[in-house]
Number of protein chains: 2
Amino acid sequence: MSDNIRPGEIAFHDDPALTASATLCFIGRLQSDWSKGTCPRNLTEARARGGGGARIVLDPNYALALTGLAENQAIWILLWMDRARRDLALQSPGHRNGPRGTFSLRSPVRPNPIAIEAVRITELDIEHGIIESDATDGYDGPPVLDITPYLPGLQHSTGPLCERPAR
Amino acid sequence: MSDNIRPGEIAFHDDPALTASATLCFIGRLQSDWSKGTCPRNLTEARARGGGGARIVLDPNYALALTGLAENQAIWILLWMDRARRDLALQSPGHRNGPRGTFSLRSPVRPNPIAIEAVRITELDIEHGIIESDATDGYDGPPVLDITPYLPGLQHSTGPLCERPAR
């Protein structure tokens, strides 16, 4: 994709999309009311706008692995941003001045376009592999890679790491 | 690997390791003082035990993408747990009673064995692609998939989702 690049942007020498170090399996898909143009910028905005009708539908192969989750539980969802290019080291998102390193940005454009979001389960149908959650900032369609319990203090600190005070 | 299974464990019908929906590129490696036997169970325990000498060494192809990060900044690290089996829907970790669904556990055994951890940058060498951080709960060696800013309120809430009160 390096023929389509903004001023100041720099592509990786080796294209990450062509470097297959390991394989992912898609376990399901995210469904939401958002589309590319209407997508909120983050979960806080998504919640302020009603959540977006977030729903995960798993491939039947993976439904049994939901056993032990419960409604009202908080979980991490890992998504694969399958429409994002992967080849930029420096990029110039529209709302920022000048190019920035990819790892200093939340842009979906990254070598491995994985998005993480912490949400709360509102409805759970283990038999059919369906999770409805309180919100998503993802648009309709991306593949789901993983679901795992959200446990502050384990993957992240509830204290010293937080840059904004807890409400 | 379904020949080596504990009582009550159930493997997926289709082995996720053989389902290549997309490819990952490894962008570097995590170095730490921990090994399989000495690894802390989580980041809180890792910090209590001194952090573990956490250091990420990026492949030279990816170093430039660190531009814009800074020492003392909090980041997410995504790791590929390359020694974990991927084929269990229900599993019986040693410290729990009876089998549990994979998505209800933090076990590295999962269809896509991606671990996430939020840490603080203590030293940053962009030219050589090296990040030292305050802690890791990973053992020495796993491939790194991504580095992204840690911004409470965006990927996760600082408030209502937290199951434990912030300190």
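The shown structure was predicted, so the numbers you read here are calculated from the model rather than taken from an experiment. Residue numbers start from 1 in every chain, and the chains themselves are labelled A, B, ... in the order their sequence lines are given, proteins ahead of strands.
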Judged by atom type as modelled, is there a donor-acceptor pair below 3.5 Å linking the side chain of B:Asn112 to the main-chain atoms of A:Cys25?
yes
Does A:Arg110 reach the main-chain N or O of B:Ile147 with its side chain, forming a donor-acceptor pair under 3.5 Å?
yes
Counting only heavy atoms closer than 4.5 Å, note whether B:Ile10 contacts chain A via side chain, backbone, both or neither.
side chain
A:Ile116 side, atom CD1; B:Leu78 side, atom CG - distance, nearest 0.5 Å
6.0 Å
Applying side chain to side chain contact (heavy atoms under 4.5 Å, CB included), name anything that partners A:Glu9, two or more places apart in sequence or on another chain.
A:Ile5, A:Arg6, A:Leu88, A:Gln91, A:Ser92
What part of A:Leu66 is in contact with chain B, defined as an atom under 4.5 angstrom from a non-hydrogen atom: side chain, backbone, both or neither?
both
Do A:Trp34 and A:Met81 share a hydrophobic cluster (ILVMFWY, side-chain heavy atoms under 4.5 Å, transitive)?
no
Answer whether the closest heavy-atom distance between the side chains of B:Leu64 and A:Phe12 falls below 4.5 Å.
no
Stepwise side-chain contact (heavy atoms from CB on, under 4.5 Å) test for A:Arg86 and B:Thr23
CA-CA 11 Å; A:Arg86 301 171 62 175; B:Thr23 60; 4.0 Å; yes
Restricting to pairs with a member in residues 114-142 of chain A, which pass ring-ring contact (aromatic ring centres under 6.0 Å, His included), not counting sequence neighbours?
none
Under the side chain to side chain contact (heavy atoms under 4.5 Å, CB included) test, residues paired with B:Glu127 that sit two or more places apart
B:Asp125
Would a hydrophobic clustering, with Ile, Leu, Val, Met, Phe, Trp and Tyr connected at side-chain separations under 4.5 Å, put A:Trp80 with A:Trp76?
yes
Report yes or no: do A:Ile114 and A:Tyr150 belong to one cluster of Ile/Leu/Val/Met/Phe/Trp/Tyr joined by side chain heavy-atom distances under 4.5 Å?
yes
Can you tell which part of A:Ala17 gets under 4.5 Å to a heavy atom of chain B, answering side chain, backbone, both or neither?
backbone
So which residue, B:Ala20, B:Ala22, B:Ala89, B:Gly68, ends up with the most heavy-atom pairs under 4.5 Å with chain A?
B:Ala22
Heavy atoms under 4.5 Å from chain B: which residues of residues 54-62 of chain A carry them?
A:Leu58, A:Asn61, A:Tyr62
Trace of the side-chain contact (heavy atoms from CB on, under 4.5 Å) decision for A:Thr67 with B:Phe103:
CA-CA 8 Å; A:Thr67 306; B:Phe103 299 138; over 6 Å; no
Turns out that what part of A:Leu69 lies under 4.5 Å from chain B's heavy atoms comes down to both
Test A:Thr102 against B:Thr148 for side-chain contact (heavy atoms from CB on, under 4.5 Å), laying out the working first.
CA-CA 8 Å; A:Thr102 289; B:Thr148 187; over 6 Å; no
Using modelled atom types and a 3.5 Å cut-off, is there a donor and acceptor pairing between side-chain atoms of B:Ser21 and backbone atoms of A:Phe26?
yes
I want to check something: taking the side chain as every heavy atom from C-beta on, are A:Leu24 and B:Thr19 in contact at a cut-off of under 4.5 Å?
no
Could you see if B:Leu145 belongs to whatever hydrophobic cluster contains B:Ile130? Use Ile, Leu, Val, Met, Phe, Trp, Tyr and a side-chain cutoff under 4.5 Å.
no
Looking only at non-hydrogen atoms, find the nearest pair between B:Arg106 and A:Pro149 and report the distance.
N-CD, 4.4 Å
